[in-house]
J.: 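What follows is a structure written as structure tokens; I'll ask about it next.
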Amino acid sequence: MTMTASLSGIPLSRPFVPNPMITASLDEILLSLLRLNPDPVAQQTALAHLSAAEGDALVAKAVDQRVVGLVYQALQSLPEGAVPETILSPLRASSQQVARFTLALVRELKAILSTLNAADIPVIVLKGSHLAQSVYPQLHLRQMGDIDLLVPQDRVVQAYERIQNLGYEVYHPYLDDVVEAPAVLVSQNHGHHLTPLRKAPELPLVELHWTLCDADEAADFNLEEIWQRSVPTTFLGESARVLAPEDLILHLCHHAAYHHQFDMGVQGIVDISRIVDRFQAQMDWNALQRTAEAWGWQRGVYLTLALTEAMMGLPLPAQMAQSIQAIMPSPDFIAQTQALLLESKTARQTLAQVLSQEAADQALRLNLIQ
């Protein structure tokens, strides 16, 4: 795969050269393994033509993109002998490692929810922990690194202290005084979650949110609506709430477009395709679109959905597709942004160093605040 030294016409200060091992064909194989309705014959044909080096590169890309469980599951479904053991073996080992970490994570989540419930602190389980239970067929197929929880702002300090009582400590504080006074972040509206907590290096970080986005990303975001539409559920017998499907998609789209400027890999795109598949019978696309426009998020939401359609084959309603076409910043936006999503973490970090936030905003033409 090649990538020019620009993003939507914004010149970079130095050339950006991706790993030559990661070819466009490998990218397409990876995406085909992540789609819900792949063509197994085409997959087998493509895999049969992979060299040993390309097989190693495919495994490395699956690990880098945090989708080893999904890729391993997809390859296992192919006929015996269709996939070399040199590909299956490292994926199997990585998938087992992810599964062990996932088990540790859900045990920690159960304990945290138990202590928050004992204090009558409302909590919404966000992102990976919600998706792993509600959207993916097996927990470990949605790889996670932390536990994200949303609690009311007036209870966030109390919740923080309750979690600390479980043995969690502040992890790499953003501000020195946060260790002693986490309320500083709340009162100053700094970011959207308190300093992460961690009990041990082999256990997940815990991020305690009081809102879903930073103040400068929020536009007309309405947190009260999020709580009103949230849905009660249980995690390993502990009560909690989760986002309504439409709000879940809005949150993931916002996170990808506005918070990460599409530099976070393909996992979020895969998530959205799986959410739509899981909740398609109850999805209210009109409500999703109205909310995106009311909050001033429509550009980021539409562009993320366009990427999901192009990369994952996500079917979109006609009205949504028309709205997307109306705001598409450039004809080559999808191809360029897909290339960015599929780059390795190292390559994305390199791009972040040479592309300023201002230039990224201009390149994507996202009006963050209307």
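The basis for the numbers below is simple: all heavy atoms, side chains too, and nothing from hydrogens, waters or symmetry mates.
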J.: Test N222 against W295 for side chain to side chain contact (heavy atoms under 4.5 Å, CB included), laying out the working first.
T.: CA-CA 7 Å; N222 190 319; W295 292 352; 3.6 Å; yes
J.: Between A82 and L47, which heavy-atom pair has the shortest distance, and what is it?
T.: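 Looking at all heavy atoms of both residues, the shortest contact is O-CB, 4.3 Å.
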J.: Which side chain to side chain donor-acceptor pair (under 3.5 Å) pairs, counting each pair once, include a residue from residues 75-93, with sequence neighbours left out?
T.: Y72-Q76, Y72-R92, E85-R92
J.: List the atom pairs, with distances to 0.1 Å, where a side-chain N or O of residues 119-138 and a protein N or O form a donor-acceptor pair under 3.5 Å, not counting sequence neighbours.
T.:
residue	atom	partner	partner atom	Å
Q133	NE2	T234	O	3.0
S134	OG	H130	O	3.4
Y136	OH	D271	OD1	2.6

J.: Kindly say whether G300 contributes a backbone atom to a donor-acceptor pair with the side chain of T304 at under 3.5 angstrom?
T.: yes
J.: Going through the checks in order, is the side chain to side chain donor-acceptor pair (under 3.5 Å) test met by R100 and Q97?
T.: CA-CA 5 Å; R100 287 191 293 270; Q97 183 178 7; 5.5 Å; no
J.: Give, for atom CG of L36 and atom CG of D277, the distance between the pair rounded to the nearest 0.5 Å.
T.: 4.5 Å
J.: Can you name the nearest heavy-atom pair linking M144 to T102, along with the distance?
T.: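 Taking M144 first and T102 second, the nearest heavy atoms are CE-CG2, 3.9 Å.
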J.: Test side chain to side chain contact (heavy atoms under 4.5 Å, CB included) on V242 and L248; report intermediate values, then the result.
T.: CA-CA 8 Å; V242 294; L248 182 56; over 6 Å; no
J.: With no hydrogens and no angle check, is any side-chain donor or acceptor of E169 less than 3.5 Å from a backbone partner on Q164?
T.: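 Side chain of E169 to backbone of Q164, a donor-acceptor pair under 3.5 Å: no, none is there.
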J.: Can you tell whether the side chains of K199 and E108 come within less than 4.0 Å, N to carboxylate O?
T.: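 Between E108 and K199 there is a salt bridge, with a charged N closer than 4.0 Å to a carboxylate O.
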J.: Can you find a heavy atom in the side chain of Q43 that is under 4.5 Å from one in the side chain of L33?
T.: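 Side chain of Q43 against side chain of L33, heavy atoms only: contact under 4.5 Å found.
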J.: Just to verify, what does R107 make a salt bridge (charged side-chain N to carboxylate O under 4.0 Å, His left out) with, not counting sequence neighbours?
T.: none
J.: Would you give the length of the straight line joining atom CG of L30 to atom OG of S32, rounded to the nearest 0.5 angstrom?
T.: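 Going from the CG atom of L30 to the OG atom of S32 covers 8.0 Å.
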J.: What's the shortest heavy-atom distance between Q267 and Q65, and which atoms?
T.: CB-O, 4.2 Å
J.: With rounding to the nearest 0.5 Å, note down the distance linking CG in L105 to CG in L139.
T.: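 Rounded to the nearest 0.5 Å, the CG-CG separation comes to 9.5 Å.
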J.: Is it true that L113 and L203 fall in one hydrophobic cluster, defined by side-chain heavy atoms closer than 4.5 Å?
T.: no
J.: Consider only side-chain heavy atoms of I, L, V, M, F, W and Y, link residues closer than 4.5 Å, and tell whether L166 and V206 are in one cluster.
T.: yes
J.: Report the residues that fulfil salt bridge (charged side-chain N to carboxylate O under 4.0 Å, His left out) with E309, sequence neighbours left out, ordered by chain and then residue number.
T.: none
J.: Going by heavy atoms in the side chains, are L34 and M312 under 4.5 Å from each other?
T.: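 Counting from C-beta outward, L34 and M312 do come under 4.5 Å.
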J.: Taking side chain as C-beta onward, heavy atoms only, is E207 less than 4.5 Å from I147?
T.: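 Heavy-atom side-chain distance check fails, nothing below 4.5 Å.
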J.: First locate atom CZ of F221, then atom NE2 of H251, and finally report the distance between them rounded to the nearest 0.5 Å.
T.: 8.0 Å
J.: Which atoms form the tightest heavy-atom contact between T195 and Y160, and what is the distance?
T.: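 Nearest heavy atoms, T195 then Y160: O-OH, 2.9 Å.
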J.: Report yes or no: does D247 contribute a side-chain atom to a donor-acceptor pair with the main-chain N or O of R229 at less than 3.5 Å?
T.: no
J.: Do E28 and S25 make a side-chain contact, defined as non-hydrogen atoms from C-beta onward lying under 4.5 Å apart?
T.: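 No, too far: nothing below the 4.5 Å cut-off.
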J.: Go through the steps to decide whether Q73 and L141 satisfy the test side chain to side chain contact (heavy atoms under 4.5 Å, CB included), and finish with yes or no.
T.: CA-CA 9 Å; Q73 182 191 59; L141 294 180; 3.4 Å; yes
J.: Not counting sequence neighbours, which residues clear salt bridge (charged side-chain N to carboxylate O under 4.0 Å, His left out) with E224? List them please.
T.: none
J.: Apply side chain to side chain donor-acceptor pair (under 3.5 Å) to E293 and list each qualifying residue two or more places apart in sequence or on a separate chain.
T.: Y302
J.: Closer than 3.5 angstrom, by distance alone: can the side chain of R66 be matched with the main-chain N or O of R142 as a donor-acceptor pair?
T.: no
J.: Answer whether the closest heavy-atom distance between the side chains of L91 and L58 falls below 4.5 Å.
T.: no
J.: Not counting sequence neighbours, which residues clear salt bridge (charged side-chain N to carboxylate O under 4.0 Å, His left out) with R198? List them please.
T.: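 None.
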J.: Identify, with sequence neighbours excluded, every residue that meets side chain to side chain donor-acceptor pair (under 3.5 Å) alongside H209.
T.: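 H209 satisfies side chain to side chain donor-acceptor pair (under 3.5 Å) with D148 once adjacent residues are dropped.
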J.: Within a 6.0 Å radius of atom CG on N37, are there more than 12 heavy atoms belonging to other residues, nucleotides or ligands?
T.: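 At most 12 heavy atoms, drawn from other residues, nucleotides or ligands, come within 6.0 Å of this atom.
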J.: From L150 CG over to L208 CG, what is the distance, rounded to the nearest 0.5 angstrom?
T.: 8.5 Å
J.: Please find the pair of heavy atoms, one from A306 and one from I334, that lie closest to each other, and give the distance.
T.: CB-CD1, 3.8 Å
J.: Got a sec, which residues hit side chain to side chain contact (heavy atoms under 4.5 Å, CB included) with P245, two or more places apart in sequence or on another chain?
T.: F279, Q282, M283
J.: Taking all non-hydrogen atoms of both residues, which atom of F262 and which atom of A257 are closest, and how far apart?
T.: CZ-CB, 3.6 Å
J.: Hydrophobic cluster membership, with links at side-chain heavy-atom distances under 4.5 Å among I/L/V/M/F/W/Y: are F101 and L236 in one?
T.: yes
J.: Would V157 and W210 satisfy side chain to side chain contact (heavy atoms under 4.5 Å, CB included), going step by step from the backbone distance to the final call?
T.: CA-CA 10 Å; V157 174; W210 64 86; over 6 Å; no
J.: Using modelled atom types and a 3.5 Å cut-off, is there a donor and acceptor pairing between side-chain atoms of Q338 and backbone atoms of A335?
T.: no
J.: Side-chain atoms of residues 313-324: list all donor-acceptor pairs with protein atoms under 3.5 Å, sequence neighbours left out, distances to 0.1 Å.
T.:
residue	atom	partner	partner atom	Å
S323	OG	Q289	NE2	2.6
S323	OG	Q319	O	3.1

J.: Mind checking ring-ring contact (aromatic ring centres under 6.0 Å, His included) for H255 and listing every partner two or more places apart, or none if nothing turns up?
T.: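 Applying ring-ring contact (aromatic ring centres under 6.0 Å, His included) to H255 gives H259, H260.
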J.: Please identify each residue that fulfils side chain to side chain donor-acceptor pair (under 3.5 Å) with R241, with sequence neighbours left out.
T.: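 Checked R241 against side chain to side chain donor-acceptor pair (under 3.5 Å); matches are S230.
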